[in-house]
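Okay, structure first, notes after.
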Amino acid sequence: MSDSQPAIVVENLVKTFAGVTAVSNVSFSVAQGEILGFLGPNGAGKSTTMRILTGYLPASSGTATLCGIPVASRPDEIKRLIGYMPENNPLPEDMRVAEYLYYRGRLKEMSRRKLGPRIDELLELCDLKQVRHRIIGKLSKGYRQRVGIAEAILAEPPVIIMDEPTIGLDPHQIFIVRDLIARLRGRMTVIISSHILPEIEKTCDRVLIINQGRVVASGEPEALKRELLGPARYDVELIGESADFAAVLAGIDSSLQITSEEVPEDDGFRSLIVNADRDEDFSEPMIRAIAADPRFRLRALRRAHPTLEDVFLAATKRSWDVIDRPAAGQKVEILKN
């Protein structure tokens with residue numbers, strides 16, 4: 001596989017179960033060494049798509065290739081290219097950690113000479129040295145998750161697929177797993193499915209969101225925030241007429257628009273949301289303009305910083321109008337309400 005060729009290419013993937021469409025014409029690509037966050041509500045088709053990529057499920061139609069190899073016609077080769085960590089990873093309860101990794105390494109056709117040093121490396125990387133001789137069934141959830149990750153990357157496959165790798169972990173354990181995944185950047189191509197959106201935002205280079213079996217958003221988190229939520233939003237609390245304030249905003253910059261207003265409370269303050277079409281920070285010009293105008297009294301002005309959760313909620317609304325569906329691999333794809 002050449003360096004310029006994507007590690008994963010999915011084109012028009014469809015999967016139906018007894019007449020019910022779980023995945024509908026899904027297309028995307030993942031570059032070599034990229035970490036992709038794969039998001040969607042429960043039942044959106046995430047796990048089905050990942051199982052198709054690993055060769056565990058056949059697609060009803062469409063194609064998927066990993067490292068240039070078609071999944072459907074060469075599933076045995078595909079399994080050698082993938083490290084897969086499913087949700088609720090079925091680890092053997094009666095094996096010790098190092099024993100299990102050795103067993104899995106031999107199944108992955110690793111030589112005994114390379115396997116020992118590689119296990120030592122992973123025990124260090126995954127912070128498992130202190131439990132290497134412990135029985136897996138007696139480990140905490142956090143340690144078990146790290147054993148699953150160690151097994152997935154054991155043979156150093158070019159592609160790693162993880163379904164909910166941080167589910168059930170406490171904040172400290174999540175931090176360890178997040179740091180571990182980040183270390184794979186550039187070395188392996190990683191797809192992560194998770195409902196813990198702050199972790200996805202901190203870990204992944206790009207996100208792909210599906211809903212009801214269809215891709216509804218794809219791109220870098222910051223680009224998606226601008227496309228779906230606008231470059232900037234300001235929460236303003238003041239006393240004064242909104243029409244007068246709108247005129248003041250127009251004098252500062254024509255892109256500033258009041259998009260939401262709450263009726264003034266008993267104290268007379270009204271809450272406004274102001275959106276801008278540019279990334280420039282207009283906080284100080286607005287504060288100066290309000291302070292210089294006796295018609296207004298300002299209580300608060302905050303520039304909001306949207307999160308991936310805001311993007312997720314905006315992208316997964318129930319009804320959609322397609323405004324563009326570019327070819328797989330294009331930077332940003334948005335379906336707008």
Side-chain angles (χ1 to χ4, degrees), residues 7-8 30-38 50 54 66-67 79-93 95-194 196 198-206:
I8 301 171
V30 188
Q32 295 181 52
E34 184 178 26
I35 301 178
L36 176 74
F38 195 31
M50 289 189 290
T54 59
L66 272 69
C67 305
K79 288 179 175 61
R80 290 183 171 89
L81 299 175
I82 290 178
Y84 180 43
M85 180 181 171
E87 184 178 2
N88 301 317
N89 200 11
L91 299 173
E93 299 283 319
M95 295 184 76
R96 301 181 189 277
V97 172
E99 177 188 15
Y100 170 66
L101 292 176
Y102 184 86
Y103 165 72
R104 292 296 296 166
R106 293 299 293 155
L107 286 180
K108 293 172 185 284
E109 301 174 340
M110 298 178 67
S111 68
R112 290 184 176 87
R113 180 176 60 83
K114 292 182 178 180
L115 188 52
R118 177 60 176 164
I119 290 174
D120 290 337
E121 179 185 357
L122 286 178
L123 292 174
E124 178 72 33
L125 182 66
C126 299
D127 195 21
L128 292 168
K129 289 179 68 175
Q130 63 270 41
V131 298
R132 67 179 300 156
H133 299 304
R134 293 272 302 276
I135 295 173
I136 293 174
K138 296 183 178 180
L139 295 179
S140 69
K141 176 72 171 178
Y143 278 121
R144 290 166 65 90
Q145 291 293 87
R146 278 180 267 165
V147 171
I149 294 174
E151 190 277 331
I153 65 178
L154 178 60
E156 299 184 86
V159 175
I160 304 292
I161 297 177
M162 299 181 181
D163 196 355
E164 299 287 355
T166 57
I167 190 170
L169 303 188
D170 64 36
H172 177 69
Q173 293 167 338
I174 289 173
F175 177 82
I176 292 174
V177 171
R178 183 181 75 201
D179 182 64
L180 175 58
I181 293 171
R183 295 185 195 181
L184 303 179
R185 179 178 285 105
R187 298 168 50 197
M188 301 174 183
T189 301
V190 183
I191 295 181
I192 305 171
S193 172
S194 177
I196 305 178
E199 298 310 312
I200 290 291
E201 187 167 12
K202 293 173 183 176
T203 305
C204 297
D205 304 307
R206 190 163 57 91

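Basis for what follows: all heavy atoms, side chains included, without hydrogens, waters or symmetry-related copies.
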Inset, instruction - Answer yes or no for R146 and Y143: cation-pi contact, defined as NZ/CZ to six-membered ring centre under 6.0 Å and angle to ring axis within 45°. - result: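 Geometry flag: set, cation within 6.0 Å and 45°.
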Is there a donor-acceptor pair closer than 3.5 Å between any side-chain N or O of [X] and the backbone N or O of [Y]?
X    : Y    : value
R144 : I136 : yes
R104 : A155 : no
D170 : H172 : yes
R96  : Y100 : no

Inter-residue atom distance [X].[atom1] - [Y].[atom2], 0.5 Å rounding:
X    : Y    : atom1 : atom2 : answer
L101 : E99  : CG    : CD    : 10.0 Å
I82  : I8   : CD1   : CD1   : 7.0 Å
L139 : L91  : CG    : CG    : 9.0 Å
I200 : T166 : CD1   : OG1   : 7.5 Å
T54  : L81  : OG1   : CG    : 12.0 Å
D127 : I176 : CG    : CD1   : 5.5 Å

Nearest heavy-atom neighbours spanning [X] and [Y]:
X    : Y    : value
M50  : S193 : CE-CB, 3.4 Å
Q32  : T189 : CA-OG1, 3.3 Å
I181 : P165 : CD1-CG, 4.2 Å
I192 : I35  : CD1-CG2, 3.9 Å
A150 : L128 : CB-CD1, 4.2 Å

Could you pull out every donor-acceptor pair under 3.5 Å between side chains of residues 156-164 and any protein atom, sequence neighbours left out?
| residue | atom | partner | partner atom | Å |
| --- | --- | --- | --- | --- |
| D163 | OD2 | S47 | OG | 2.9 |
| E164 | OE1 | H195 | N | 3.4 |
| E164 | OE2 | H195 | N | 3.4 |
| E164 | OE2 | H195 | ND1 | 2.6 |

**Report entry** Set of residues satisfying side chain to side chain contact (heavy atoms under 4.5 Å, CB included) with respect to E124, sequence neighbours excluded
**Finding:**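 Expected list: K129.
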Cut-off 3.5 Å, no hydrogens considered: what does the side-chain donor-acceptor table look like for residues 112-120, sequence neighbours left out?
| residue | atom | partner | partner atom | Å |
| --- | --- | --- | --- | --- |
| R112 | NE | Y102 | OH | 3.2 |
| R118 | NE | L154 | O | 2.8 |
| R118 | NH1 | E121 | OE1 | 3.2 |
| R118 | NH1 | E121 | OE2 | 3.3 |
| R118 | NH2 | I153 | O | 2.6 |
| D120 | OD1 | R132 | NH1 | 3.3 |
| D120 | OD1 | R132 | NH2 | 3.3 |

* Measure the shortest side-chain to side-chain distance between E199 and S194 over non-hydrogen atoms and say whether it is less than 4.5 angstrom. =>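 A side-chain contact under 4.5 Å is absent here.
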